[in-house]
Amino acid sequence: TSSKNTKNIQTRKGKSFGYQVLGFGAGGAAAPLTVTVLLVAGGGGALSGVNTSGGGGAGGIRILEEVAVKSGPMAVTIGSGGPLNSKGSDTTFAAETTISSSGGGVGSQNPGGSTPGGSGGGPNGAGNIGSYSPPEGFPGGTGGNAGGGGGGSQIGFDGGGFPGAPGPKAGGAGLDCSPFFDSAPQSWWPSLTTGPNHTRAGGGGAGDFTATGGLGGAGGGGKGNGNDGGTAQGGTAGETNSGGGGGASSQAPAVDTPGETGGPGFILIKAPADLAPALGISPAPAGASYPHPDGSTIFKFTSSGTLTK
């Protein structure tokens, strides 16, 4: 692996979001009402054209601790995956202070055409468009007119395109969320093909004119289309609720294949035992809640809804 593919381990505590302090009487202040939140934005789409191009960037991914909640409804917006030629949508949680992550960038067929995003599209699309620290994502790789989309913990890999630059051409890997929300199998992790399930926000693989397309990054990134026996084929979309970038387009002597769409985002909210009973999800199809072995509760949102206290 190239030294440029640097892992990003998110350990930021969201103390800037403040506390709700109760009980100024003789007993002193009550414990702050805070939660830990995983935000995954929608992944970026790839090109609809038949040029051999770069993969879509993953949606931005952030883990914030000590996020203060408020009384009443708190809107949860799950970012949609980007259609072809479009970036993904942001994911937000309207807690006491609204927090968000940024949609992934679009892949392109030239170094200047990729768009920035939570993670950037290949080639060379800038990541961390929200300017967060630690970063919510990484840039797309290079490779002439291709490169894998950036992922939640890694720059996209170089390679692919026309006439076929050397390199792995894969999407950057997503972020391993298990230190905060445990490893799969756990029922709050939607299943992924390009797992493990507790990793999210993989970049989309690059397209290739002369060989198979680049693999999607771990965490739901889509595979790029490639040329196999004279026919462009094999691409996949970013996976559902992964925030994965879409696999890139490819051209071939016989058949040209457009790119793939980005994957929708996702939210997990971990509430302590003394707060969880006061929280509820609406409408019911938007998500579900799960008891955690440590006594806390995990609230999962796979579509937009409301968490109410």
Side-chain angles (χ1 to χ4, degrees), residues 1-2 4-10 40-46 53-61 81-82 87-88 101 103-107 114 117-125 127-128 135-143 146-160 167-178 184 190 192-208 212-226 234-248 259-266:
T1 301
S2 165
K4 70 187 283 189
N5 295 305
T6 304
K7 294 290 184 181
N8 168 34
I9 304 301
Q10 301 222 354
V40 184
S53 61
I61 181 168
K87 70 185 294 288
S101 59
V106 184
S114 300
S119 284
N124 302 323
N128 194 30
E136 60 179 333
F138 287 81
T142 62
S153 72
Q154 195 177 44
I155 296 171
F157 286 87
D158 299 349
K169 62 198 173 192
L175 184 67
D176 178 2
C177 306
S178 61
L192 296 176
T193 301
T194 55
N197 292 345
H198 52 264
T199 298
R200 301 280 141 169
D208 197 297
T212 57
L215 296 176
K223 181 181 182 296
N225 285 284
T236 58
E239 295 192 56
T240 301
N241 297 128
S242 73
E260 312 292 339
T261 58
F266 179 60

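This chain uses plain numbering: 1 for the first residue, then up along the sequence.
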Ile61 versus Glu136: any side-chain heavy-atom pair under 4.5 Å? no

Backbone N/O of Thr194 and side chain of Glu239: donor-acceptor pair under 3.5 Å: yes

Only counting residues at least two apart or in another chain, list the ones meeting side-chain contact (heavy atoms from CB on, under 4.5 Å) with Asn197. Ala184, Trp189, Ser191, Leu192, Arg200

side-chain contact (heavy atoms from CB on, under 4.5 Å) against Ser178, all qualifying residues, sequence neighbours excluded: Asp176, Ser183, His198

Going by the rule side-chain contact (heavy atoms from CB on, under 4.5 Å), which residues pair with Ala206 if we only count those two or more places apart in sequence or in a different chain? Ala146, Lys169

List the steps and the verdict of side chain to side chain donor-acceptor pair (under 3.5 Å) for Asp158 and Thr142. CA-CA 5 Å; Asp158 299 349; Thr142 62; 3.0 Å; yes

Would you name the heavy atoms of Phe138 and Gly152 that are closest together and state the gap between them? CE1-O, 3.8 Å

Please give me the minimum heavy-atom distance between Asp208 and Gly160, naming the atom from each residue. OD2-CA, 3.3 Å

With no hydrogens and no angle check, is any side-chain donor or acceptor of Ser114 less than 3.5 Å from a backbone partner on Asn124? no

Between the main-chain N or O of Gly60 and the side-chain N or O of Ser101, is there a donor-acceptor pair closer than 3.5 Å? yes

Determine whether Cys177 and Val40 make a side-chain contact, defined as any pair of heavy atoms from C-beta on separated by less than 4.5 Å. no

Expected output: side-chain Gln154 to main-chain Ala173 donor-acceptor under 3.5 Å: yes

Please give me the minimum heavy-atom distance between Ala201 and Gly59, naming the atom from each residue. CB-O, 3.5 Å

Is there a donor-acceptor pair closer than 3.5 Å between any side-chain N or O of Ser119 and the backbone N or O of Gly137? no

When every non-hydrogen atom of Ala248 is compared with those of Ala46, the smallest separation belongs to CA-CB, 3.9 Å

Using every non-hydrogen atom in the two residues, find where Ala58 and Gly202 come nearest and quote the distance to one decimal. CB-O, 3.5 Å

